[in-house]
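So the structure is just underneath, and the comments pick up after that.
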Amino acid sequence: RKEFVDLYVNYVFNESIRKPFEDFMQGFLRGCPARKWKIFLPVELQTVLQGHTKFDWYLLEKNVAYIQYKKLDQTIRNFWTVFHKLPEEKKKSFLAFLSGSDRIPGYGLEYFKFGIADPQAGNPDELYPFACTCSHVLFLPR
């Protein structure tokens, strides 16, 4: 029985997926040559590919650049008060809204910067907040 179980497990986890995995590996290595990835430890490679998953939200607040706003404006103070009260998943959703990803790129949170800008609308009550994900700018009406 042990031999049967060992052979079956080997088939399910190795033999049955060998061809699809080899096809995937060939395509992956065409775009990302293996010699470039060998400089990383596995945990470093995971961070490079997936980004950081642990956040210091106060450091994120510290790295913000304000455009047509000042740090002590009431709108900004209200924003950060509400933001810090959000549950972790909502904060990650905000990050995805702002940058297109709920993770911080591999270079780290201390270097991740974004801006909060005033869209300078005639009637700010008619605007919703919106973001430019390419440049990491949140347009926050007053």
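Because only heavy atoms are used, hydrogens play no part in the values below, and waters and symmetry mates are left out as well, while side chains stay in. Predicted model, so just to flag it, every value in this text is computed and none were measured.
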Decide yes or no for [X] and [Y]: does some side-chain heavy atom of the first lie under 4.5 Å from some side-chain heavy atom of the second?
X: Glu126; Y: Asn123; answer: yes
X: Leu29; Y: Phe24; answer: no
X: Leu98; Y: Thr133; answer: no

Examine [X] and [Y] and state if one hydrophobic cluster contains both, with Ile, Leu, Val, Met, Phe, Trp and Tyr joined whenever side-chain heavy atoms are less than 4.5 Å apart.
X: Met25; Y: Phe13; result: no
X: Phe79; Y: Leu59; result: yes
X: Phe97; Y: Leu127; result: no
X: Leu140; Y: Ile67; result: no

Cation-pi check, Lys91 to Phe83: give yes when NZ or CZ is under 6.0 Å from the six-membered ring centre and within 45° of the ring axis, no otherwise.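 The answer is yes, since Lys91 meets both limits relative to Phe83.
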Using 30° and 60° as the class boundaries, would you call the ring planes of Phe139 and Phe130 parallel, tilted or perpendicular?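 Aromatic pair Phe139/Phe130 classed parallel.
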Pairing residues for Glu3 by the salt bridge (Lys or Arg N to Asp or Glu O under 4.0 Å) criterion, not counting sequence neighbours: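 Applying salt bridge (Lys or Arg N to Asp or Glu O under 4.0 Å) to Glu3 gives none.
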Does Lys90 have more than 12 heavy atoms from other residues, nucleotides or ligands lying within 6.0 Å of its NZ?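 Incorrect, the count does not exceed 12.
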If you take all heavy atoms of [X] and [Y], which pair is closest and at what distance?
X: Arg77; Y: Leu72; value: NH1-O, 3.3 Å
X: Leu60; Y: Val64; value: O-CG2, 3.4 Å
X: Leu138; Y: Pro129; value: CD1-CB, 4.3 Å
X: Pro141; Y: Pro124; value: CB-O, 3.7 Å
X: Ala117; Y: Val137; value: CB-CG1, 3.9 Å

Calculate, to the nearest 0.5 Å, the distance between atoms [atom1] and [atom2] belonging to [X] and [Y] respectively.
X: Tyr66; Y: Thr75; atom1: OH; atom2: OG1; result: 11.5 Å
X: Phe114; Y: Ile116; atom1: CZ; atom2: CD1; result: 4.5 Å
X: Ser93; Y: Glu88; atom1: OG; atom2: CD; result: 10.5 Å

Is there a side chain to side chain contact (heavy atoms under 4.5 Å, CB included) between Val82 and Lys85 once you walk through the steps? CA-CA 5 Å; Val82 170; Lys85 289 181 182 177; 5.9 Å; no
When you measure from the side chain of [X] to the backbone of [Y], do you find a donor-acceptor pair of N or O atoms at a distance under 3.5 Å?
X: Ser99; Y: His136; value: no
X: Asp118; Y: Gln120; value: yes
X: Asp73; Y: Lys70; value: yes

Listed by chain and number, what are the side-chain contact (heavy atoms from CB on, under 4.5 Å) partners of Tyr58, not counting sequence neighbours?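 Result, side-chain contact (heavy atoms from CB on, under 4.5 Å) vs Tyr58: Asp56, Glu61, His84.
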Could you check whether Asp23 and Gln26, counting side-chain N and O atoms only, form a donor-acceptor pair closer than 3.5 Å?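 There is no such pair (donor and acceptor under 3.5 Å, judged by atom type) between the side chains of Gln26 and Asp23.
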Using ring centroids (six-membered ring only for Trp), state whether Phe112 and Phe55 fall under 6.0 Å.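 Distance test on ring centres: not under 6.0 Å, no.
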State plainly whether the residues Glu22 and Lys19 are in salt-bridge range, i.e. N to O under 4.0 Å.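 No, Glu22 and Lys19 are not salt-bridged.
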